[in-house]
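Quantities reported herein were computed from a predicted structural model and do not represent experimental measurements. A, B, ... follow the sequence lines: proteins, then strands. Residue 1 opens every chain.
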Protein chains: 2
Amino acid sequence: MSEETVPLNTEKRIKEAARKVFMEKGFDGTTSRDIAEAAGINVALTNYYFRSKEKLFKMIFEDAHREFFHESHELLQKPISLREKIPQLMAADFNLFSKTPNLSLFLLAERHRHPELLASVEQPSALGFFLNQIQEAVEQGEIRPMAPAHVLQLIMANVQFVYLSKPVMVQCANLNPTTYADFAGQHQQLVTDMIMNYLFNF
Amino acid sequence: MSEETVPLNTEKRIKEAARKVFMEKGFDGTTSRDIAEAAGINVALTNYYFRSKEKLFKMIFEDAHREFFHESHELLQKPISLREKIPQLMAADFNLFSKTPNLSLFLLAERHRHPELLASVEQPSALGFFLNQIQEAVEQGEIRPMAPAHVLQLIMANVQFVYLSKPVMVQCANLNPTTYADFAGQHQQLVTDMIMNYLFNF
DNA sequence: ATAAAAATTAATCAATTGTTTAAAACATTG
DNA sequence: CAATGTTTTAAACAATTGATTAATTTTTAT
């Protein structure tokens with residue numbers, strides 16, 4: 001009943017193992033043999049199914065981006081008010097990153113160090129819709145005037161940084177690593193409250 | 001008058017080059033020859049002055065932490081009210097990270113991937129003083145009740161993430177990379193305002 | 001059952017890695 | 001100047017890297 005009971009086909013085994021290892025150690029810190037060992041297969045199979053370490057990484061990297069964008073995609077263009085939408089967005093993001101705590105660091109770090117390995121991250125049109133919605137809300141005096149990018153920044157920062165900073169917070173504020181999920185949960189409520197207050201009460 | 005006019009002694013040349021390369025590419029992405037080339041010296045000199053790539057990295061890594069902590073050290077334990085202190089802290093942090101935009105990513109990423117290369121990051125007592133000050137302010141009803149760690153998280157997140165997310169923001173919100181510093185500056189005012197409002201008006 | 005195709009393996013490849021060596025160049029001191 | 005110590009160099013080291021090979025096992029189809 002543990003986690004090693006999934007046989008799967010070889011290709012998926014490799015991809016799953018590669019995802020785990022790449023996310024933990026990054027492209028540069030990961031060797032072909034790391035992946036092979038994690039997947040329990042021969043080193044040559046990685047190049048048999050995917051043609052190179054680089055090609056494999058590109059797939060994982062793209063998947064990770066899709067995972068990030070996809071979850072909020074529908075929500076972003078839903079025809080509901082910002083008063084509803086923003087808390088739902090933040091909840092969805094918190095949910096995603098609590099399940100995959102170092103997705104954020106992976107995306108940010110690898111994007112910084114290997115922008116060439118990031119193929120086609122189509123700027124999702126849903127995001128454009130959301131930014132437009134903010135702009136209109138500003139113009140109609142519904143929310144505090146500011147460039148839409150600031151709202152995006154507020155949401156992303158206050159959700160993702162909780163997970164980015166876990167080691168730092170554990171050390172600096174003497175938080176218990178095992179109860180960090182609780183802290184993150186409290187923080188979600190807090191920042192959602194704070195951002196909503198700031199946007200709507202002015 | 002450019003930047004290549006600094007002769008310096010060899011040891012400092014290496015350390016400076018190593019800092020630049022390590023901060024950009026991380027420990028795993030940096031080769032001894034990368035450093036040598038950036039410093040304009042022979043490969044062997046890195047091991048002559050510092051005994052290994054690992055030892056050199058440890059120094060750089062520690063220095064980067066000191067840079068981060070030192071700047072706020074005095075401020076943190078200054079006997080002034082939180083109403084003064086928090087905006088000053090955020091301004092100081094913004095100032096630091098605007099001068100070294102990828103310091104944050106470097107610290108977070110390398111700490112995650114190579115915790116063993118982080119020697120003695122003494123949890124600064126100044127931080128303890130600050131957290132105490134917050135706790136007392138909560139007990140006296142001066143600020144909204146919350147665990148002090150949340151305040152720390154709010155400050156760090158909203159300052160650092162602006163620099164962490166530059167590539168993402170540029171792409172997602174169509175920001176101009178060359179004017180990103182302006183955006184960051186506006187955001188500083190915005191988040192300082194937001195956090196102060198949230199803490200003191202409740 | 002047998003042939004063809006696909007999947008897997010161990011062994012090996014050249015290139016690059018961090019590090020060391022031994023000699024040369026430079027500086028310092030008597 | 002000679003002698004000594006320090007700094008710098010080119011060359012080489014073994015180990016590890018991503019990738020390929022050619023042979024073998026397993027699967028599939030006839």
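One can place CZ of A/Arg33 at 13 Å from P of D/dT20, the figure rounded to the nearest angstrom. Per the geometry, CD1 belonging to A/Ile41 stands 8 Å off P belonging to C/dT9, to the nearest Å. Between the CG atom of A/Asp34 and the P atom of D/dT17 there is a distance of 7 Å, given to the nearest Å. Rounded to whole Å, the distance from CG on A/Asn9 to C1' on C/dA7 is 12 Å. In this structure, A/Ile35 atom CD1 and D/dA19 atom P are separated by 10 Å, rounded to whole Å. A straight line from CG of B/Asn47 to C1' of D/dA11 spans 15 Å, rounded to a whole angstrom. Note: CG (B/Leu45) to C1' (D/dT9) measures 8 Å, nearest angstrom. One interatomic measurement links the two molecules: NZ of A/Lys53 to P of D/dT17, which rounds to 9 Å at whole-angstrom precision.
A/Tyr49 comes within 4.0 angstrom of the backbone, heavy atoms only, and of no base. Within the 4.0 angstrom heavy-atom criterion, no nucleotide atom of any strand lies near A/Thr46.
Place A/Thr31 and A/Arg51 on DNA chain D by their nearest nucleotides, and A/Thr31 ends up nearer the 5' end.
Neither OP1 nor OP2 of D/dT7 sits under 4.0 Å from any side-chain N or O of B/Thr10. Distances shorter than 4.0 Å separate some side-chain N or O of A/Asn42 from OP1 or OP2 on C/dA10. A sub-4.0 Å separation between OP1 or OP2 of D/dT8 and a side-chain N or O of B/Tyr48 is absent.
A salt bridge (charged side-chain N to carboxylate O under 4.0 Å, His left out) with B/Arg19 is found for exactly one of B/Glu24, B/Glu62, B/Glu67, namely B/Glu67.
Of the candidate nucleotides C/dA6, C/dT19, C/dT9, C/dT9 has the atom lying nearest to any side-chain atom of A/Ala44.
A donor-acceptor pair under 3.5 Å links the side-chain atoms of A/Gln153 to the main chain of B/Val162, judged by distance alone.
At least one cation-pi condition fails for A/Arg113 and A/Phe27: the charged atom is not both under 6.0 angstrom from the six-membered ring centre and inside a 45 degree cone around its axis. For B/Lys53 and B/Phe22, the positive end is not near the middle of the six-membered ring at less than 6.0 Å and at most 45° from its axis.
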Under the criterion side chain to side chain contact (heavy atoms under 4.5 Å, CB included), I'd like the reasoning laid out for B/Leu82 against B/Glu142: C-alpha separation, chi angles, the key distance, then a yes or no. CA-CA 9 Å; B/Leu82 289 180; B/Glu142 293 171 20; 5.7 Å; no
